[in-house]
Amino acid sequence: AAMMAADLAPGLMRIRCEVPDNSLPPVTRWKSEIDSVKLWKTVLLDAKERAQVGLKWMRDNKSKFSLHANDIHPGALKIMESSLSAAGLQNLVQTSNLDCYDLGLVNDADNHANSKYIVVTNPPW
């Protein structure tokens with residue numbers, strides 16, 4: 001959800017983290033009349049620029065949103081925190097290690113009177 005808010009394409013993470021054999025996707029090897037490598041580089045540059053704008057907006061506007069991430073499993077929480085760090089989002093997302101039954105909405109009338117909440121979940125069933 002944080003990556004979506006920042007307009008950070010997930011494919012950028014694989015390239016940025018230097019995952020082997022991931023600098024050029026398979027689509028660049030398709031037989032086509034289009035220069036797919038050139039097109040890929042254009043799309044990649046656009047994605048990088050959009051991510052920079054999105055991350056800058058988030059860093060400059062921290063008071064306009066609040067992102068919270070939670071997992072009851074400590075190992076999953078460590079992976080999530082590592083992923084947030086790799087994406088440059090670690091200072092923009094508050095993490096917790098709670099049972100979802102113990103979570104609640106922020107009730108701060110001064111700062112969140114007209115707030116809208118979106119809950120994104122990946123239930124285990």
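Fair warning: this is a prediction, and the values are worked out from it, not measured in the lab. Hydrogens, waters and symmetry mates play no part in the numbers below; they use all other heavy atoms, side chains included.
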Under the side-chain contact (heavy atoms from CB on, under 4.5 Å) rule, collect the residues that match up with [X], sequence neighbours excluded.
X   : answer
A1  : V120
I72 : D99
S96 : N70, L98, L103
A69 : M80, V93, T95

Check for me, please, whether L67 and M4 land in the same ILVMFWY cluster - side-chain distances under 4.5 Å, paths through other members count. no
Let me check something: do M3 and V53 share a hydrophobic cluster, defined by ILVMFWY side-chain heavy atoms less than 4.5 Å apart, either directly or through other members? no
Residues pairing under salt bridge (charged side-chain N to carboxylate O under 4.0 Å, His left out) where one sits in residues 54-78, two or more places apart or in two chains, turn out to be K56-D60
Find the distance between CG (L8) and CD (Q52) and round it off to the nearest 0.5 Å. 10.5 Å
d(D46 CG, K48 NZ) to nearest 0.5 Å is 12.0 Å
Is the shortest heavy-atom distance from the side chain of L84 to the side chain of L92 under 4.5 Å? no
So which residues get pulled into I34's cluster when ILVMFWY side chains under 4.5 Å apart are joined, directly or through others? L39, V43
Heavy-atom closest contact (A6 atom, L89 atom, distance): CB-CD2, 4.3 Å
Tell me the closest heavy-atom pair linking Q90 and S85, and the distance in Å. OE1-CA, 3.2 Å
Run the salt bridge (charged side-chain N to carboxylate O under 4.0 Å, His left out) test against D7 and tell me which residues pass, sequence neighbours left out. R50
